[in-house]
Amino acid sequence: MPLSQLIILALIQGITEFLPISSSGHLILLPNLTGMADQGQVIDVAVHVGTLFAVILYFWSDVREAAIGTLRLLTGRVDTPGAKLALCLALATVPVIVVGLILKITGLADMMRSVALIGWTMLIFGIVLWWADQKNPEIRTETDWSFRDAVLLGLWQAVALIPGTSRSGITITGARFMGYTRHDAAKLSMLMSIPTIIASGTLLGLEVVETANRQAAVDGAIAAGFAFISALLALTLMMRLLRSVSFTPYVIYRVILGIILLVYAYGYAGSDAVIGAAG
């Protein structure tokens, strides 16, 4: 794969993975709108690994606490903040794994990759994010995260399996509806991404392990590196901005992109129909 395409894919994944604008939607749109060859699952796994390391590094103290808490969970104890965090993350991950497996087994996952669908999800869930952010108070923090909230946010996260929804966007939306501050809603969303990316990356990795070759491994390493750098920069910038800025700029981007995609999708389909009738 050309180096330029690897860099573009890695930058798109890295920048959009943690911003509420849908990384999967942008990765699907790239070959659809530019004519580039589909990047394949090896690169998908690689860029996800890159973004995984970025979020782990940024939230290292929380990740370390959850890792130690996981060991306590294995002994049947939930008596520390770390153990509680680990259990909350586990509960929040179950719905997306179950729904993801259902979509994959039924083949529905491959059917939900159209430009029109991404246009609608960009637009609709962008507006829902704006509503949740503007109409709900900021009265709760990460320390208020309960097992009930973890399950509910896990259900919100499962909705993100629809391309264009945005995993971070939909979980931030759910957290804002619950009254979490913007900063802590984003933090919970980012922490939830760690087991989710591990689960999806493992599933994809098992599928490509037999078909990967040396060149694919080199391409993947390059893509992972660029994805790591861009994801770390995007995550750092967003978390700082959220102390003083709302999610409205991301909503505006989503709405504009959604409208453009819908015009493209239905306009393109309409022109094809006219050409077909004329022929």
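For the single chain, residues carry numbers from 1 onward in sequence order. Quick caveat, the model's predicted, so the values are computed rather than measured.
With contacts defined as side-chain heavy-atom distances shorter than 4.5 Å, the pair Val96/Arg167 does not qualify. In this structure, Val251 and Ile127 have side chains that are not in contact, with every pair of non-hydrogen atoms separated by 4.5 Å or more.
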If you apply the rule side-chain contact (heavy atoms from CB on, under 4.5 Å), what do you find for Val47 with Thr51, and how did you get there? CA-CA 6 Å; Val47 294; Thr51 55; 5.7 Å; no
Full working for side-chain contact (heavy atoms from CB on, under 4.5 Å) between Met178 and Leu153: CA-CA 10 Å; Met178 296 175 189; Leu153 284 183; 3.8 Å; yes
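Considering Thr173, Thr165, Thr121, Thr171 as possible partners of Val159, the one that fulfils the side chain to side chain contact (heavy atoms under 4.5 Å, CB included) test is Thr165.
Note that OG of Ser168 and CZ of Phe247 are 8.5 Å apart. Values are rounded to the nearest 0.5 Å. Atoms CD1 and CG, on Ile162 and Leu103 in that order, are 8.5 Å from each other to the nearest 0.5 Å. Leu89 contributes atom CG, which lies 11.5 Å from atom NZ of Lys84 (distance to the nearest 0.5 angstrom). For the atom pair Leu73 CG and Leu85 CG, the distance stands at 9.5 Å (nearest 0.5 Å). Between Cys88 atom SG and Asp149 atom CG the span is 8.0 Å, to the nearest 0.5 Å. Between the CG atom of Leu29 and the CG atom of Leu257 there is a distance of 6.5 Å, given to the nearest 0.5 Å.
Here the shortest heavy-atom pairing between Ala186 and Met238 reads CB-CE, 4.2 Å. Shown here for Ala175 and Ala185, the closest heavy-atom pair between the two residues is CB-CB, 3.6 Å. Contact detail for Ala46 and Ala223: the closest heavy-atom pair is CB-CB, 4.4 Å. Here the closest heavy-atom approach between residue Ala150 and residue Leu91 is recorded as CB-CB, 4.2 Å. The two residues Arg176 and Ala132 come nearest to each other via the heavy atoms CB-O, 3.8 Å. The heavy-atom pair separating Asn136 from Trp131 by the smallest distance is ND2-O, 4.1 Å.
Looking at Arg254, its side chain never comes within 3.5 Å of a backbone N or O of Ile124 through a donor-acceptor pair.
Residues passing the salt bridge (charged side-chain N to carboxylate O under 4.0 Å, His left out) test with Lys187 are Asp62, Glu142, sequence neighbours excluded. Considering only residues two or more places apart in sequence or on other chains, Trp145 meets the ring pair (Phe, Tyr, Trp, His ring centres under 6.0 Å) condition with none of them. Listed by chain and number, the residues in a side chain to side chain donor-acceptor pair (under 3.5 Å) with Ser244 amount to none (sequence neighbours excluded). With sequence neighbours excluded, no residue satisfies side chain to side chain donor-acceptor pair (under 3.5 Å) with Arg148. Partners of Glu65 under the salt bridge (charged side-chain N to carboxylate O under 4.0 Å, His left out) rule, at least two apart in sequence or in another chain, do not exist in this structure. Among residues two or more places apart in sequence or in another chain, the side chain to side chain donor-acceptor pair (under 3.5 Å) test is passed with Thr70 by none. Residues passing the salt bridge (charged side-chain N to carboxylate O under 4.0 Å, His left out) test with Asp79, sequence neighbours excluded: Arg72.
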Please tabulate, for side-chain N and O atoms in residues 190-199, each donor-acceptor pair with protein atoms closer than 3.5 Å (sequence neighbours left out).
from   : atom 1 : to     : atom 2 : distance (Å)
Ser193 : OG     : Met190 : O      : 2.5
Thr196 : OG1    : Gln157 : OE1    : 3.2
Thr196 : OG1    : Gln157 : NE2    : 3.3
Thr196 : OG1    : Met192 : O      : 3.0

Per-pair distances, 0.1 Å, donor-acceptor, side chain in residues 12-23, under 3.5 Å, sequence neighbours excluded:
from  : atom 1 : to     : atom 2 : distance (Å)
Gln13 : NE2    : Glu17  : OE1    : 2.7
Thr16 : OG1    : Ile12  : O      : 2.4
Glu17 : OE1    : Ser23  : OG     : 3.0
Ser22 : OG     : Gly25  : N      : 3.0
Ser22 : OG     : Gly164 : N      : 3.3

Per-pair distances, 0.1 Å, donor-acceptor, side chain in residues 228-237, under 3.5 Å, sequence neighbours excluded:
from   : atom 1 : to     : atom 2 : distance (Å)
Ser230 : OG     : Ala10  : O      : 3.4
Ser230 : OG     : Phe226 : O      : 3.0
Ser230 : OG     : Ala227 : O      : 3.2
Thr236 : OG1    : Leu232 : O      : 2.7

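Residue pairs meeting the salt bridge (Lys or Arg N to Asp or Glu O under 4.0 Å) criterion with at least one partner in residues 222-242, sequence neighbours excluded, do not occur; the list is empty. Each ring-ring contact (aromatic ring centres under 6.0 Å, His included) pair with one or both residues in residues 151-181, not counting sequence neighbours, appears once here: Trp156-Phe177.
Under the 4.0 Å criterion applied to side-chain N and carboxylate O atoms, Arg182 and Asp133 are assigned as salt-bridge partners.
Both Trp60 and Val55 are part of a single hydrophobic cluster, where members link through side-chain heavy atoms under 4.5 Å apart. Residues Ile172 and Val245 fall into different hydrophobic clusters, defined by Ile, Leu, Val, Met, Phe, Trp and Tyr side chains chained together at heavy-atom separations under 4.5 Å. Both Ile28 and Met111 belong to a common hydrophobic cluster when Ile, Leu, Val, Met, Phe, Trp and Tyr are linked at side-chain heavy-atom distances under 4.5 angstrom.
Under the 30°/60° scheme for interplanar angles, the aromatic rings of Trp120 and Tyr266 are found to stand perpendicular.
Residue Phe53 places its CZ atom among 12 or fewer non-hydrogen atoms of other residues, nucleotides or ligands, all under 6.0 Å distant.
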